[in-house]
Structure formats: structure tokens, C-alpha cells
Amino acid sequence: MSSYYLVKREELNAVRMEVDTFNLAHTVESAQPLTFIGDYTNDTVRYPAGMDYIKVRHTGTVEHGELSASCFDRDLAKRELRRRFRLDDNMQYIYKKINTDRHLDASIKRYMGMRLTLNEPWETTVCFIISQFNNVKRIRSIVKDLMNRYGSDIVDENGNTVGKSFPKSTDLIGATKKELMECGTGFRAKYIMHAADYCTNNISLDKLNPHDYYGLKETLMEIDGVGEKVADCIILMGYGNLNAFPIDVHIKRAMEKLYFEGKKKRLKDINEIADRMWGSYKGYAQQYLFHNSRAGDLNDA
DNA sequence: ACCCAGGCGGGCG
DNA sequence: CGCCCGCATGGG
């Protein structure tokens, strides 16, 4: 039975790491890794990583606990945890940097241990193209449909299918507009088609320099459907560059309310004040503000 | 019936 | 430039 092999697989390939200042539920609920499937009652999450399927579990307290991951490749699991959940971030230091006022202080206290995640550039690009003018629940649904239709089967060592991979750009090149519409992509179908073509034939997302904020932004915005905000999301969550400060409707409203007495401001002004307050850590500030401003929003599951 | 959702591209003044 | 509009779709 497949369940037997899954148990065995987990026993054989489980990797454990100690982790401080970590909250898995907040990290997943903040809806940045849109391919993640969370099971909060067991404090676990599972998601595809390349042609592997990872299941992560957090035990212990937020202050000090343990992360365990199981997948086919033990070394991959170890690298995955560190990289994907940014375990090398010194959260106490980062909190010191972004805790500039009572708003950030409250958000940090509320979501203590929430991490940014670092995801694959291509997956991040597709997910955030889909995110535009959309809500999180539907974004997740669309991403899931795309994976089911265009992803490859992920199989364990016994040939049992355990999930679907995230489709590569080459997997999506053959997609027709009709098919993409059936996945619920709507008017974004043409963007996905262009992105698949452009990222296969014109640019190589994996070769871009994560540290070159402006260079990244310029290149990413060559893709149809990628503007300022989506580019910043990709730079932050696909390249791990904390200089990015994506300004969506939630952040815009929150920033105007908190720092401009509720007055309407241009994106440029909001970005400037973010830079003054949080400098090269503003990506983390954004994440805490974003999640806080979405609190009580039950639109996503 | 309306409104909104992690915006973007295109067109116009 | 800055502003404004349409855009697919599903859930409040």
C-alpha cells in the first residue's frame, strides 16, 4: 500500500533542524508561497519542489522548536529547509531593524516568527502574474489547476504518484489560450503564454543576479503582465532581495493611513518613506504590514 | 444587483 | 509623465 511506503519514506529521509523564532502557520498564511498546502491543525505544510514533494512539520515553540522535512532526497530536504524558509535570517536582528514604531511593533508581536520564503523565480513569476486583480483563494485554485494540467507526476521510489510538479516554462509553451482559460486564468492567459515563451527563449530567470535590484526589475518587467508590483514580489520572494517593497492595495492603504494621515499618495512617495524607515530590510517590513493589514480577511482558505 | 480581489497595459490629455 | 479605463472570474 502506498501509505506504507510513505511512512517508510518519511522515516528514511526525514531531516530535522533546530530553529528559533519561527511560526509555520503565519508563514504559510501570509500567502506568499502560493503552491503551499497548509494543514494548520498538525502544523504541517506540503509543496512540490522540483520533481520532489516536501512535507514540512514544525514542533516546539515559536521561540525554540524543530523543523522536520521529508522527501525523496535527504540532502535536498536539508537545503530546502534552509533556503526556502530562510533559516539563516537572524530574526531578532531583523526585528530590530524594522521595529521603527508602534505599528510595526504590534505586527511583529502578533506574527512573531513569520518568515519570508524564498521560492523558484519561474514559479514566483507565474503565481504573481496570476495574483493581479485577483484574490488569494482564487489564485491558489488557479495555480493548482495549472499544476494538475501541465505539471509532471511526482512519483516516489515505488512508482506511486504523490503529487504534481509546478510546470516549467517549456511545459506551458504548448498551452492554448482555451486550456489556460479553463484553468481560470481569465484575462491573464495571454500574459502566461508570453511569459512561458519569453522565459524559455529570451531570458533565463535562474541566471539573473539576485543582488542587482534595479537590473532584476528592468529585466522582469520585460515580461508581459509583470509591472512594478509583480516585479517587486518576484524580486522579494523569488530572489530573496529584501530591498523590494511590493505595494499592493493593502500596503498602499495601510501606508497612507499610518504615515500620511490617510492622504492618497503616489507609489513613489510610499516607496521613499519605506526606504527611509526600513532601508534594505523593507521587504520584511512589507511582509509584516501586509499580513497585519489582511488580518480578518477571510477570503482565502 | 453590486463590489472587490496582493495590477497591468494601453490610450489620452 | 500622470491619470483613467477595461479586464475574467468567483465569492461576499
Side-chain angles (χ1 to χ4, degrees), chain A residues 26-36 38 107 111 114 116-117 119 121 123-146 149 175-199 217-239 241-242 244-258 263-272 274 282-301:
Chain A
H26 287 328
T27 300
V28 176
E29 283 168 8
S30 67
Q32 10 149 355
L34 294 153
T35 57
F36 283 22
S107 186
Y111 301 115
M114 178 171 66
L116 282 165
T117 57
N119 308 280
E123 297 182 12
T124 311
T125 300
V126 175
C127 287
F128 280 100
I129 283 175
I130 293 168
S131 80
Q132 69 177 261
F133 201 42
N134 213 340
N135 62 63
V136 174
K137 182 176 180 180
R138 244 171 61 76
I139 298 165
R140 285 189 193 279
S141 158
I142 294 167
V143 169
K144 193 170 136 198
D145 285 356
L146 288 178
R149 194 185 275 252
T176 65
K177 190 167 182 180
K178 180 173 176 294
E179 288 174 350
L180 290 172
M181 296 293 277
E182 282 167 11
C183 294
T185 55
F187 64 90
R188 310 163 195 85
K190 56 182 179 292
Y191 297 148
I192 295 171
M193 292 170 79
H194 176 263
D197 175 66
Y198 200 72
C199 294
K217 196 156 187 178
E218 194 178 342
T219 304
L220 291 170
M221 285 176 67
E222 291 170 9
I223 303 168
D224 275 1
V226 178
E228 291 258 354
K229 189 267 174 183
V230 169
D232 274 327
C233 284
I234 301 168
I235 293 170
L236 183 60
M237 298 157 199
Y239 290 92
N241 188 324
L242 303 183
F245 189 80
I247 302 172
D248 56 58
V249 288
H250 300 291
I251 288 292
K252 185 168 186 293
R253 279 201 284 261
M255 292 290 286
E256 286 168 347
K257 181 182 169 192
L258 301 180
K263 291 201 205 70
K264 297 287 179 195
K265 283 291 174 182
R266 296 174 305 173
L267 298 183
K268 187 169 173 292
D269 299 319
I270 296 175
N271 196 61
E272 276 175 12
K282 55 184 174 296
Y284 254 109
Q286 190 271 358
Q287 187 63 19
Y288 277 79
L289 284 171
F290 173 73
H291 202 41
N292 203 24
S293 68
R294 265 174 47 87
D297 183 350
L298 301 177
N299 267 340
D300 50 334

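For A/Glu222, the CD atom is densely surrounded, since the number of other residues' heavy atoms within 6.0 Å is greater than 12. Heavy-atom neighbours of A/Lys217 NZ from other residues, nucleotides or ligands within 6.0 Å: above the threshold of 12.
Where stacking is scored as ring centres under 5.5 Å apart with planes under 30°, A/Phe187 does not register as stacked on the base of C/dA8. C/dC7 has its base stacked against the ring of A/Phe133, the centroids being under 5.5 angstrom apart at an interplanar angle below 30°.
The closest donor-acceptor contact from the side chain of A/Ser141 to the backbone of A/Lys137 lies at 3.5 Å or more, if one exists at all.
With a 3.5 Å ceiling on both atom-pair distances, the Watson-Crick or G-U wobble partner of C/dC3 is B/dG11.
Distance check on atom P: B/dG6 versus C/dG2 gives 26 Å, rounded to whole Å. Rounded to whole Å, the P atom of C/dA8 lies 14 Å from the corresponding atom of B/dG10.
Between the NZ atom of A/Lys177 and the P atom of C/dT9 there is a distance of 10 Å, given to the nearest Å. When rounded to the nearest whole Å, the span between NZ of A/Lys265 and C1' of C/dC3 equals 17 Å. Atom CG of A/Leu267 and atom C1' of B/dC8 are 12 Å apart (whole Å). Between A/Ile142 atom CD1 and B/dA5 atom P there is a gap of 16 Å when expressed in whole angstrom units. Rounded to whole Å, the distance from NZ on A/Lys178 to P on C/dT9 is 13 Å. Atom P of nucleotide C/dT9 and atom NZ of A/Lys190 are separated by 11 Å, given to the nearest angstrom. Atom NZ of A/Lys229 is separated from atom C1' of B/dC8 by 11 Å (rounded to the nearest Å). Rounded to whole Å, the distance from NZ on A/Lys137 to P on B/dG6 is 13 Å.
Side chain of A/Asn135, nearest nucleotide from B/dG9, B/dA5, B/dG7: B/dA5. Picking from B/dG7, C/dA8, B/dA5 the nucleotide with the shortest atom distance to the side chain of A/Arg253 gives B/dA5. Considering only the side chain of A/His250, B/dG6 comes nearest among B/dG7, C/dA8, B/dG6. Checking C/dA8, B/dG6, B/dG7 against the side-chain heavy atoms of A/Val230 singles out B/dG7 as nearest.
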Inset, instruction - Quick one: do A/Glu29 and A/Met114 satisfy side-chain contact (heavy atoms from CB on, under 4.5 Å)? Show the steps, please. - result: CA-CA 9 Å; A/Glu29 283 168 8; A/Met114 178 171 66; over 6 Å; no

Inset, instruction - I would like to know whether A/Leu236 and A/Asn241 meet side-chain contact (heavy atoms from CB on, under 4.5 Å); could you show each step before the answer? - result: CA-CA 5 Å; A/Leu236 183 60; A/Asn241 188 324; over 6 Å; no

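Within the 4.0 angstrom heavy-atom criterion, no nucleotide atom of any strand lies near A/Glu182. Counting any heavy atom pair closer than 4.0 Å across all strands shown, A/Arg266 reaches sugar-phosphate atoms only and no base atom. Across all strands, A/Met221 comes closer than 4.0 Å to no nucleic acid atom at all (heavy-atom distances). Across all strands, A/Glu228 comes closer than 4.0 Å only to sugar-phosphate atoms, never to a base (heavy-atom distances).
Residues A/Ile223 and A/Gln286 both approach DNA chain B. Their nearest nucleotides, taken by heavy-atom distance, put A/Gln286 toward the 5′ side. Residue A/Met237 is the one, among A/Gly225 and A/Met237, whose nearest nucleotide of DNA chain B lies closer to the 5' end (criterion: closest heavy atom).
Residue pairs that meet the side chain to side chain donor-acceptor pair (under 3.5 Å) test with at least one member in residues 184-194 of chain A, sequence neighbours left out, do not exist here.
Note on A/Arg188: every side-chain N or O is 4.0 Å or more away from OP1 and OP2 of C/dA8.
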